[in-house]
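Shown next, in structure tokens, is the structure this report addresses.
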Amino acid sequence: MKFFNIAVATLGLALTFSASAHISLKQSTPIEQAMLMKSPEKLALTFSGKVRLVKLSISDKNNQDVNFDFKPSSTPSKNFNWPLPSLDQGNYTVKWMVLGGDGHKMSGKYSFMLHEM
């Protein structure tokens, strides 16, 4: 029984450290599922901890990338932002990939819509 208790405590501790190591996207501009009436002026991402942003793309409904001059970050940060060109009406998907301080790779995506102006 003592071995079982030690094993459960060790597993719980390991899962706690593992969960705390993962960084998440806390905030974005435009926000997820936004329905915009005008083209957004910027793309901004805020993460729950410092990361290096290594990949970032915005694609339209035809899976065509929007050029907005992204360059991977060499310095870890929680906050990133870029000016955006004028976007046409349609659905857009933002995809990101970051590296945490421990080298752990995380990625995600979200979408927003630009209505006819």
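Computation of the quantities below employed the complete heavy-atom set of this structure, encompassing side-chain atoms and omitting hydrogens, waters and symmetry-equivalent molecules.
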In Å, rounded to the nearest 0.5 Å, how long is the span from [atom1] of [X] to [atom2] of [Y]?
| X | Y | atom1 | atom2 | result |
| --- | --- | --- | --- | --- |
| Q64 | D88 | CD | CG | 12.0 Å |
| K109 | I58 | NZ | CD1 | 15.0 Å |
| Q89 | M37 | CD | CE | 9.5 Å |
| S86 | K38 | OG | NZ | 11.0 Å |
| N63 | S57 | CG | OG | 8.5 Å |
| I23 | M106 | CD1 | CE | 5.5 Å |

State, to 0.1 Å, how close [X] and [Y] come at their nearest heavy-atom pair, and which atoms those are.
| X | Y | answer |
| --- | --- | --- |
| L43 | P30 | CD1-CD, 4.2 Å |
| K78 | K50 | CG-N, 3.7 Å |
| L87 | L114 | O-CD2, 3.1 Å |

Pairwise side-chain contact, [X] with [Y], heavy-atom cut-off 4.5 Å (strictly under):
| X | Y | value |
| --- | --- | --- |
| V66 | P85 | yes |
| L45 | L56 | yes |
| F112 | P40 | yes |
| K55 | K95 | no |

- [ ] Dump the intermediate steps for side chain to side chain contact (heavy atoms under 4.5 Å, CB included) on S74 and R52, then the final yes or no.
- [x] CA-CA 6 Å; S74 58; R52 286 184 29 234; 5.5 Å; no

Sub-3.5 Å donor-acceptor pair from the side chain of [X] to the main-chain atoms of [Y], do we have one?
| X | Y | result |
| --- | --- | --- |
| S24 | K26 | no |
| S73 | L53 | yes |
| D60 | N62 | yes |
| N67 | D69 | yes |

Same hydrophobic cluster for [X] and [Y], using side-chain heavy-atom links shorter than 4.5 Å among ILVMFWY?
| X | Y | value |
| --- | --- | --- |
| Y92 | L36 | yes |
| V54 | Y110 | no |
| W96 | L99 | no |

Task: CD (E41) with more than 12 external heavy atoms under 6.0 Å - done: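 No, because the 6.0 Å sphere around CD of E41 holds 12 heavy atoms or fewer from other groups.
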
- [ ] Take F47 and F80 through the test side chain to side chain contact (heavy atoms under 4.5 Å, CB included) and record every step on the way to the result.
- [x] CA-CA 9 Å; F47 293 90; F80 301 90; 4.0 Å; yes

TODO: Say whether D65 and S59, considering side chains only, have a donor N or O and an acceptor N or O under 3.5 Å apart.
DONE: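 Checked: D65/S59 side chains show no N/O donor-acceptor pair below 3.5 Å.
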
TODO: Please state whether the rings of F70 and F68 are parallel, tilted or perpendicular, taking 30° and 60° as the class boundaries.
DONE: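 Rings of F70 and F68: tilted, as their planes differ by 30° to 60°.
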
